Amino acid sequence: MDTKSDPLYKFKKQFDSFVASNPNVVSAAHSASQIPESAKAVVVLSPLSLIHRFPRDWVSKNYKKTIVERPERLLACSMGISAAITMYPALFTLKSSHTRKASLLSPHVLKVHGTDWPKELLQLCKQSSEKLAHKQVEVPDDWNVGDIYLSQQTIAALEGSIGALETGIDSIFQGSSQEDTANRAFVAVRPPGHHSHTATPSGFCLLNNAHIAIEYAADTFNITHAVVLDFDLHHGDGTQDICWKRAGFNPDEQDDDPAYDEFGKKFAEFPKVGYFSMHDINSFPTELGYATKENIKNASTCIMNAHDLNIWNVHLSHYETEEDFVKLYQSKYRSLFA
């Protein structure tokens, strides 16, 4: 991608110009050299994520307004990032992954999603151009066409997202010393991932970013254990389901695999991943009037240190005042951190 035509690159250049012309920020930024990298948070921007766009040009403007997952979400996120860096420039290291792309057939993707789904996803994206040219919906009939869309550019967006995940993981584990290595990273990518199952896309999500990042960390830096803390209005059903797969339970698409015993289980695989979620039980995929019994049960599962699983779900509760929220936190929400 030509960096000069990249919106996030332009954003970064404008922000650099702002920092250079603001004496207070420059002074604070200068002190960053006195702060070790381990005390900073790395922020990774993913410019290629912007090119995943709703491609059905023939639909009405009113219909387009219903498409929630759009590039503007990433730009809004970048505005929040810029505000944080403006206030505390010495506490962040800003990186862009515009030159880094990773294949959907990378080992850490295949270990999460199997060999079939990434290949099918690539094929659907490649076929989308012809369908769209004939004003045909580019996704399969059994997909929610209001949630998920594809185009030829989606491939590069996904490749860029995976590259950004790799950049974030490298920033934490790759360095000459602990002082030179960050201990946390924020990676801004899309499409999002926590609804994506092993081989089933859902709720805007095509690949499961969290599990791919964990698998990359395991392959590259020998990480054996990880925790996913999922704070979202929605339950991360896909992320949780992949934890069941990691625990050795047979995914639905592998019914005849002889590696599993008569109960559909084999030895758990490393890395071991715990899933801990706070969400609204009345929102997707458990929204009122549409939720299945299975989805409600999954979003309410709590199991610790048993059957190679660590899964804990906490439902959000209504509150009126700050005091009410503090009580909820003390009595309910902080169980996620226990």
Side-chain angles (χ1 to χ4, degrees), residues 3 6-50 71-100 160-190 192-194 209-210 212-214 216-217 220-221 223 225-233 276-278 322 325-326 329 333-334 336-337:
T3 56
D6 170 17
L8 278 185
Y9 177 80
K10 292 179 180 178
F11 164 80
K12 186 175 185 299
K13 294 295 288 184
Q14 290 174 348
F15 179 74
D16 289 342
S17 176
F18 165 77
V19 169
S21 62
N22 190 311
N24 295 329
V25 174
V26 172
S27 175
H30 180 71
S31 66
S33 61
Q34 310 300 319
I35 298 177
E37 199 68 19
S38 59
K40 302 177 185 179
V42 171
V43 178
V44 182
L45 301 179
S46 175
L48 287 169
S49 292
L50 286 171
E72 287 80 359
R73 299 175 84 199
L74 193 60
L75 293 174
C77 181
S78 295
M79 291 176 65
I81 291 169
S82 68
I85 297 177
T86 300
M87 294 174 66
Y88 307 104
L91 299 182
F92 298 93
T93 298
L94 184 63
K95 296 184 178 181
S96 175
S97 64
H98 69 274
T99 60
R100 184 166 183 171
S161 294
I162 299 168
L165 297 173
E166 293 175 359
T167 300
I169 295 296
D170 289 347
S171 300
I172 296 173
F173 294 103
Q174 200 171 66
S176 57
S177 68
Q178 284 190 327
E179 288 288 294
D180 294 333
T181 309
N183 59 24
R184 58 197 183 279
F186 177 86
V187 185
V189 297
R190 57 180 291 276
H194 79 161
N209 299 321
I212 290 172
I214 291 168
Y216 175 76
T220 310
F221 301 105
I223 299 305
H225 293 74
V227 169
V228 177
L229 287 173
D230 191 343
F231 298 104
D232 195 290
L233 187 67
F276 301 85
S277 174
M278 184 185 297
E322 184 176 344
F325 177 81
V326 171
Y329 176 81
Y333 298 155
R334 73 174 186 178
L336 285 179
F337 307 101

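Please read all numbers here as calculations on a predicted model, not as lab measurements.
- Side-chain atoms of Val42 and Ile172, non-hydrogen and from C-beta on, never get closer than 4.5 Å to each other.
- For Leu233, the side chain to side chain contact (heavy atoms under 4.5 Å, CB included) partners two or more places apart in sequence, or in a different chain, are Asp280, Ser283.
- Across Leu48 and Gly160, no two heavy atoms sit closer than the pair CD1-CA, 3.7 Å.
- Rounding to the nearest 0.5 angstrom, the gap separating the NZ atom in Lys40 from the CG atom in Asn183 is 12.5 Å.
- No more than 12 heavy atoms of other residues, nucleotides or ligands lie within 6.0 Å of CD in Glu322, so this atom counts as exposed by the packing criterion.
- Proximity of Leu45 to Leu94: side-chain heavy atoms (C-beta onward) are separated by under 4.5 Å at one or more points.
- Every residue two or more places apart in sequence or in another chain was checked for a side-chain hydrogen bond (donor to acceptor under 3.5 Å, both in side chains) with Ser78, and none qualifies.
- For Tyr329, there are no ring-ring contact (aromatic ring centres under 6.0 Å, His included) partners at least two apart in sequence or on another chain.
- Thr181 and Ser171 make their closest contact through CG2-O, 3.4 Å (heavy atoms, listed as atom of the first residue, atom of the second, distance).
- For Tyr88, there are no ring-ring contact (aromatic ring centres under 6.0 Å, His included) partners at least two apart in sequence or on another chain.
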Pairs of donor and acceptor atoms involving the side chains of residues 161-170, under 3.5 Å and at least two apart or interchain, shall be tabulated with distances.
from   : atom 1 : to     : atom 2 : distance (Å)
Ser161 : OG     : Ser49  : OG     : 3.1
Ser161 : OG     : Ala157 : O      : 2.9
Ser161 : OG     : Arg190 : O      : 2.8
Glu166 : OE1    : Arg100 : NE     : 3.2
Glu166 : OE1    : Arg100 : NH2    : 3.1
Glu166 : OE2    : His108 : NE2    : 2.8
Thr167 : OG1    : Gly163 : O      : 2.9
Asp170 : OD1    : Tyr216 : OH     : 2.9
Asp170 : OD2    : Arg100 : NH1    : 2.9
Asp170 : OD2    : Arg100 : NH2    : 3.0
Asp170 : OD2    : Tyr216 : OH     : 3.3

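- Taking each heavy atom of Pro192 and Arg73 in turn, the nearest pair found is CG-NH1, 4.5 Å.
- Ala84 meets the side chain to side chain contact (heavy atoms under 4.5 Å, CB included) test with Phe92; sequence neighbours excluded.
- Of all heavy-atom pairs spanning Asn209 and Gly193, the tightest one is ND2-N, 3.6 Å.
- Note on residues 81-95: no pairs pass salt bridge (charged side-chain N to carboxylate O under 4.0 Å, His left out), not counting sequence neighbours.
- In this structure Arg184 satisfies the salt bridge (Lys or Arg N to Asp or Glu O under 4.0 Å) test with no other residue, sequence neighbours excluded.
- Residues forming a side chain to side chain contact (heavy atoms under 4.5 Å, CB included) with Ala188 (at least two apart in sequence, or on another chain): Leu74, Cys77, Ile81, Phe186.
- Between the CD1 atom of Ile223 and the CZ atom of Phe173 there is a distance of 3.5 Å, given to the nearest 0.5 Å.
- Residues forming a side chain to side chain contact (heavy atoms under 4.5 Å, CB included) with Asp232 (at least two apart in sequence, or on another chain): His194, Asp230, His234.
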